[in-house]
Amino acid sequence: MPELPEVETVARTLRPHVEGCAITGATLLRDSSLHPLSLRPEDLRGCVITGVSRRGKLLLLELDAAKAARADLRGATGLRLALHLRMTGRLMTYAAHTAPGPHTRCVFDLTDAQGQERRLFFDDVRAFGLMLAGTPQTMQLWSFWRELGPEPLELTDAAFSARLDSKNSAIKAVLLDQKVIAGVGNIYADESLFAAGIDPRRKAASLSAAQRSRLLRCLKDVLELSISQCGSSIRDYRDANGNVGAFQNSFAVYGRNGQACKACGRALEKIKVAGRATVYCPHCQK
């Protein structure tokens, strides 16, 4: 957590606060929050945030370096700041001169086109999150980025099926593998497998063509529904406006061990798959 829907929601809600803003200053408050390959945050002074997007579970701030304070960056193209929010990372803007909080890991001072100032905080209670600022060439040196699988919402049946071929691991483990598909975590793996009626322990390669097609359709449906509800808020997740998501109110199986299955009424069960807690319906999922 956050997974694809939560990061997509953060991107959409952060965009109007920072797009078009110039970075006038930056202060890193925790060195371990910065990837070793990264530019220092203060190196980004003078860059303009031209877009906010997402890749898998990564939040991306696209940067125009034409007026960068560092002269050697001014010719850089494709410069971006990638943030992996991990368990508790959060990005929100505040009034200019707002003091950092106890869990603030980095502060960016911003000025918009009208001259209005604000601050962007990267807060992270558990400090597992990570930032990496760099060019496309730098990003390719980061194995996590380089090996990311395709976006699930863009996959065709044929492409999805091909990624399951020869995979003898449990289908849930395959869905969680960011090298196979980017952005899916424990919540949306459990929910999509329930919706598709597939036992999470089934070997991926054993699924029929019809089951693979149904699983991809259900995965897309679950992700899109969660995005429409601004993601799932279980503990720390908030969007860039500080609001919680609502998809947790629609969970069919995740976190519902021992409760009645919404389809058949029998008790849901909790097992371990690929080392992850997994809730499923033994009657409905085969």
Check for a donor-acceptor pair, side chain of N241 on one end and backbone N or O of N243 on the other, with a separation under 3.5 Å. no
Taking salt bridge (Lys or Arg N to Asp or Glu O under 4.0 Å) as the cut-off, I'd like each qualifying pair that reaches into residues 152-169, sequence neighbours left out, listed once. D165-R212
Start with the C-alpha gap between I227 and F247, add the side-chain angles, then the distance that decides, and say whether side-chain contact (heavy atoms from CB on, under 4.5 Å) holds. CA-CA 8 Å; I227 290 170; F247 188 67; over 6 Å; no
If you count every heavy atom of other residues, nucleotides or ligands that lies below 6.0 Å from K272 atom NZ, does the total exceed 12? no
Nearest 0.5 Å, what's the OG-CZ distance between S226 and F251? 7.5 Å
What one should report as the nearest heavy-atom pair of L85 and P2 is CB-CD, 3.9 Å
Has R118 got a side-chain atom pairing as donor or acceptor with L110's backbone, closer than 3.5 angstrom? no
Can you tell me how far OG1 of T77 sits from CD of Q137, rounded to the nearest 0.5 angstrom? 7.0 Å
Any donor-acceptor N/O pair, E6 side chain to E3 backbone, under 3.5 Å: yes
Quick check against the 3.5 Å criterion: does E8 have a side-chain atom that pairs as donor or acceptor with the backbone of K57? no
Nearest heavy-atom neighbours spanning S232 and I187: CB-CD1, 4.2 Å
Would I171 and L164 count as a side-chain contact (heavy atoms from CB on, under 4.5 Å) if you check the C-alpha gap in whole Å, the side-chain angles of each, and the deciding distance to 0.1 Å? CA-CA 8 Å; I171 182 59; L164 302 190; 4.1 Å; yes
Do NZ/NE/NH1/NH2 and the carboxylate oxygens of R201 and D199 come within less than 4.0 Å? yes
Can you sort out the partners of H84 under ring-ring contact (aromatic ring centres under 6.0 Å, His included), two or more places apart, ordered by chain and number? F144
Measure from the side-chain N and O atoms of D124 to the backbone N and O of G129, and report whether any donor-acceptor pair falls under 3.5 Å. yes
Without swapping roles, check the side chain of K67 against the backbone of V48 for a donor-acceptor pair under 3.5 Å. no
Is the closest side-chain heavy-atom distance between L61 and F108 below 4.5 Å? no
Any chance you could lay out the side-chain contact (heavy atoms from CB on, under 4.5 Å) test for H97 and E117, step after step, and finish with the verdict? CA-CA 9 Å; H97 310 299; E117 298 178 348; 4.2 Å; yes
Any donor-acceptor pair under 3.5 Å from E62 side chain to S53 backbone: no
Looking at G183, is its backbone amide N or carbonyl O close enough to the side chain of R54 to form a donor-acceptor pair, meaning the two atoms are under 3.5 Å apart? no
Give a yes or no answer on whether the side chain of S38 reaches the backbone of A133 with a donor-acceptor pair at less than 3.5 Å. yes
Identify the two heavy atoms, one from Q285 and one from I198, that lie closest to each other, and give their separation to 0.1 Å. NE2-O, 2.9 Å
To the nearest 0.5 Å, how far apart are OG in S169 and CZ in R202? 14.5 Å
CZ of R119: more than 12 outside heavy atoms within 6.0 angstrom? yes
Taking all non-hydrogen atoms of both residues, which atom of A252 and which atom of E191 are closest, and how far apart? N-OE1, 2.8 Å
Backbone of V279 reached by a side-chain donor or acceptor of D190 within 3.5 Å: yes
Let's go through L153 and E224 carefully: what are the C-alpha distance in whole Å and the side-chain angles of both, what is the deciding distance for side-chain contact (heavy atoms from CB on, under 4.5 Å) to 0.1 Å, and is it a yes or a no? CA-CA 8 Å; L153 295 175; E224 288 172 347; 3.8 Å; yes
Side chains of T278 and R276: donor-acceptor distance under 3.5 Å anywhere? no
Please test R45 against D109 for salt bridge (charged side-chain N to carboxylate O under 4.0 Å, His left out), starting from the C-alpha separation and ending with a verdict. CA-CA 9 Å; R45 285 187 304 111; D109 290 301; over 6 Å; no
